[in-house]
Amino acid sequence: MNALADHAGTTRSRGAEFALGLRDTLPLMMGSIAFGVIFGTLATAAGLSPWATMTMSLFVFSGSAQFIAVLLLGSSAGLWVVWFATLVLNLRHLLYAATLVDEVRHLSQAWRFPLAAFLTDETFAVMERRYRLQGGGRNAHWYYAASCIGMYVNWQFWTVVGITVGSEYPDIKNWGLQFAMVVSFIGIVMPLLNSRPYWAATVVAGVISVIANPLPYKLGLMLGALAGIAVGLALDLKQRGLQPAAEIQP
């Protein structure tokens, strides 16, 4: 069956790959609706203007980083704390890169740069499954691009809805809607736990986050993410038979 899928992947047209990419991303787009709405409402409730909230979604386009930034800004954290927190949270993209790099290595920089810039947790989940089950294919990057575009447009639309709702119901921040973010990430992460590096990263991140939870400014979450990413990346490199760059002799 995989051989047939690989063959189909090499012969699909650009349009067919694009349509399939949107189709396979649609369930995750639906799942992120609440995520986008909640971000818009919480950001405005935390004191950000509608324009600042929308600008963050347009140019940051990272739900987890945007959420943690809003929470930290709402608690009067310094900008360096916000910057460091979002940096650490987004370091998980190193794991994503290690997983997908072999599939996009042949593409030009004109393709690789935007695909990397618009990669999200949802698109990674879609692409990891696509490459694992069907392989690449001549036009597989159009499938990838469709997933990126679908998630981007979806996020912007529901951020606008959230901003509108937050403006109409300013006390919505007390409704406990942040829990939807946790549920969304559980739904994304669980299907991906199919290898030792992923399991190790998840367990280490969880344990460290719980132990360091009393630290201020969400530092426990940042330390957990950093530790999980480091362990997962190290195991992934070892599993691939690679060495960290620092150990490679000239």
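All of these numbers come straight from a predicted model, not from anything done at the bench.
Checking Ser62 against Asn90 by side-chain atom types alone, a donor-acceptor pair falls below 3.5 Å. With no hydrogens or angles considered, no side-chain donor-acceptor pair links Tyr143 and Thr25 at under 3.5 Å. A side-chain donor-acceptor contact under 3.5 Å links Asp121 and Tyr96. With no hydrogens or angles considered, a side-chain donor-acceptor pair links Ser57 and Gln66 at under 3.5 Å. Side chains of Arg130 and Ser147: no donor on one and acceptor on the other come within 3.5 Å.
Here the side chain of Thr123 pairs no donor or acceptor atom with the backbone of Leu119 at under 3.5 angstrom.
Contact of the Phe18 side chain with the Asn139 side chain is not registered, since no non-hydrogen atoms from C-beta on lie closer than 4.5 Å. Looking at Gln156 and Met54, their side chains come closer than 4.5 Å, going by heavy atoms from C-beta outward. In this structure, Asn154 and Phe35 have side chains that are not in contact, with every pair of non-hydrogen atoms separated by 4.5 Å or more. Between Glu103 and Tyr144 there is no side-chain heavy-atom pair separated by less than 4.5 Å. Side-chain atoms of Thr120 and Trp155, non-hydrogen and from C-beta on, never get closer than 4.5 Å to each other.
Using cut-offs of 30° and 60° on the angle between ring planes, the pair Phe118 and Tyr152 is perpendicular.
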